[in-house]
Amino acid sequence: MSHLFPTYQRWEVEPASAQGTYLTGKDGKEYLDFTSGIGVCNLGHRPPQVELAVSGQLKEYWHVSNLFQQGIQEKAAKLLAEASGLDYVFFSNSGAEANEAAIKLARKATGRSKVISFIKSFHGRTFGTMAATGQDKIKQGFGTMLETFVHIPFNDAEALKKEIDGETAAVILEVIQGEGGINVASSEFLSAVEASCKEHGALLIIDEIQTGVGRTGKAFAFQHFALKPDIITVAKGLGSGFPIGAIVGSAELKGAFGPGSHGSTFGGNPISVSAAVATMETIFEPVFLKQAMDMGNYLFEKAGEKLGSLEGVLAIKGMGLMVGIEISGNVQETLALLREKGMLALPAGENVIRLLPPLNMSQEEADKALNLLEETITALAPAAS
Ligand SMILES: Cc1ncc(COP(=O)(O)O)c(C=O)c1O
């Protein structure tokens, strides 16, 4: 028997090793991995520059606490600030903790409590971020939620205008809703959100936990639009698999996060931070981002050509290397058959196959994935219709 709480619907695969875009199971079966550990291993599995940085840090010190000066944290914070155009960083251990920190900071800085988020959003599983999340299934059975969170329809600027007021501390949103089904925000909606926030003195928090660190072909997805958030939250891809999250906030917010206002024992631990520095030094290079953007465009276009008109495919959506294939059939069944054929992909929302491949995958790997998807969707289409 397993002594693990059955909180996850685990697959039948047990990894023995993983390298680049491939993962090998204990039974020797090889998989093309388009999950990247759910948008985490953005440089593929075990990128050598991250391994080198982490092993170097392992030989220096592992943990000392945030009572000490830590040059490695300063270096990571500078990279985040420069890449985002924001100013100050707080390090956490996960995405949910980053969103917790952002919500706390927005409440403290504004002296207000209300936070507006969107239907189908996902912001985490802690008590606060669960309340922020706009999906009932995440909240079922956990009793009364925090009342200061309000959820409104995504891509609906009018709904926001009606809800936002002088009590609103912040609006939190994903530029592309990841868990909610790869739903891309329109640029008109995003400009209207920013304008409404300015008008009412509310802060704009962009949750870049899934979309950030190069996933969409820019350092952060908000940079595709002319947006100026007050806070962004980052995690997943930041540490290439080492647990780390961060918020990056504007200079005006510095005073609200003074000594003793927030903290975390492990947040900013040097092992994860060294992984983050090596990851960012690679991904934030303009040449790397351009290649990721080109590869994203290639995957998106080819997915449209090859899969777009298949029976059972309803839409292809996304941006960069965050691609959703909306299908009429059963997603779990489709993903299971895909695994049998040697490829790993993710579900999102109700009926979306989500592809989050490494940003540095090859064109050959993209073609191979699309062939496997075509075979799988075609094999299941008659049963779905
Ligand atoms: C957009 C977004 N926000 C927050 C989270 C929560 O991050 P974590 O699981 O690291 O707590 C996730 C995780 O899927 C996410 O996709």
Side-chain angles (χ1 to χ4, degrees), residues 5 7-9 34-42 84 90-106 115-135 137-139 142 149 151 154 170-185 190 193 204-216 220-222 224 229 231-248 264 266-269 272-273 275-276 279 317-324 345-349 352 354-356:
F5 272 115
T7 45
Y8 305 104
Q9 275 188 327
F34 267 42
T35 70
S36 301
I38 320 189
V40 167
C41 308
N42 285 3
S84 65
F90 176 87
F91 286 113
S92 64
N93 304 287
S94 67
E97 279 178 66
N99 282 338
E100 285 287 339
I103 292 162
K104 282 180 70 177
L105 177 57
V115 174
I116 298 175
S117 74
F118 295 88
I119 293 168
K120 294 197 179 164
S121 63
F122 183 78
H123 299 296
R125 303 275 194 163
T126 59
F127 201 57
T129 60
M130 171 175 67
T133 291
Q135 299 185 50
K137 66 172 189 202
I138 303 292
K139 308 176 187 188
F142 293 111
F149 290 92
H151 304 94
F154 192 56
V171 174
I172 181 167
L173 64 82
E174 299 153 89
V175 165
I176 305 171
Q177 292 183 328
E179 302 299 315
I182 314 290
N183 309 314
V184 185
L190 291 171
V193 172
L204 175 57
I205 304 173
I206 303 215
D207 179 337
E208 290 273 3
I209 288 163
Q210 194 159 146
T211 51
V213 199
R215 177 53 56 196
T216 69
F220 300 102
F222 79 83
H224 289 281
I231 305 173
I232 62 166
T233 58
V234 192
K236 284 192 182 283
L238 184 56
S240 283
F242 289 86
I244 182 167
I247 66 168
V248 198
S264 163
F266 290 123
N269 93 80
S272 291
V273 172
T279 303
K317 45 193 188 165
M319 194 186 272
L321 286 159
M322 187 168 181
V323 175
L346 296 159
V352 176
R354 179 173 34 153
L355 308 180
L356 299 175

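Each ligand, and each atom within it, is numbered from 1 in the order the structure gives. We use all heavy atoms of the structure for the numbers below, so side chains are in, but hydrogens, waters and symmetry mates are not.
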Option whose closest heavy atom lies nearest to atom 4 (C) of ligand 1, chosen from Ile172, Ile209, Ile38
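Heavy atom nearest to atom 4 (C) of ligand 1 belongs to Ile209.
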Applying the side-chain hydrogen bond (donor to acceptor under 3.5 Å, both in side chains) criterion to Gln210, which one of Lys236, Glu179, Gln177 satisfies it?
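The passing option is Glu179.
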Mind checking the CG-OG1 spacing from Leu356 to Thr35? Nearest 0.5 Å is all I need.
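Going from the CG atom of Leu356 to the OG1 atom of Thr35 covers 8.0 Å.
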Closest non-hydrogen protein atom to [atom], residue and atom name please, with distance?
{"atom": "atom 3 (N) of ligand 1", "answer": "Asp207 OD2, 2.7 Å"}
{"atom": "atom 16 (O) of ligand 1", "answer": "Gln210 NE2, 2.8 Å"}
{"atom": "atom 2 (C) of ligand 1", "answer": "Phe122 O, 3.3 Å"}

Below a 4.0 angstrom heavy-atom separation, can you tell me which part of Glu179, side chain or backbone, both or neither, approaches ligand 1?
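Under 4.0 Å from ligand 1, Glu179 contributes side-chain atoms alone.
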Short side-chain donor-acceptor distance under 3.5 Å, His123 and Ser117:
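Short answer, no.
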Is the closest side-chain donor-acceptor distance between Ser92 and Ser264 under 3.5 Å?
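No, no side-chain donor-acceptor contact under 3.5 Å.
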Stepwise side chain to side chain contact (heavy atoms under 4.5 Å, CB included) check, Ile103 with Phe149:
CA-CA 10 Å; Ile103 292 162; Phe149 290 92; 3.9 Å; yes
Would Lys236 count as being in polar contact with ligand 1, using the rule that some N or O on each side must be under 3.5 angstrom apart?
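Right, the criterion is met.
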Under 3.5 Å between some N or O of ligand 1 and some N or O of Ala96?
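Between Ala96 and ligand 1 (N or O atoms, distance only) the closest approach is under 3.5 Å.
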Quiz question for you: does at least one protein heavy atom lie closer than 4.0 Å to atom 11 (O) of ligand 1?
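Looking at atom 11 (O) of ligand 1, one finds that a protein heavy atom does lie closer than 4.0 Å.
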Which atoms of ligand 1 have any heavy atom of [X] under 4.0 Å away?
{"X": "Gly95", "value": "7 (O), 8 (P), 10 (O), 11 (O)"}
{"X": "Asn99", "value": "3 (N), 4 (C)"}
{"X": "Glu174", "value": "1 (C)"}

Measure the shortest side-chain to side-chain distance between Ile206 and Phe220 over non-hydrogen atoms and say whether it is less than 4.5 angstrom.
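The answer is no, as the side chains (C-beta and beyond) never meet within the 4.5 Å cut-off.
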Quick one, Thr233 and Glu174 - any side-chain contact, counting heavy atoms below 4.5 Å?
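SC-SC contact between Thr233 and Glu174 ruled out.
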Tell me, with the steps shown, if Thr211 and Thr216 meet side-chain hydrogen bond (donor to acceptor under 3.5 Å, both in side chains).
CA-CA 6 Å; Thr211 51; Thr216 69; over 6 Å; no
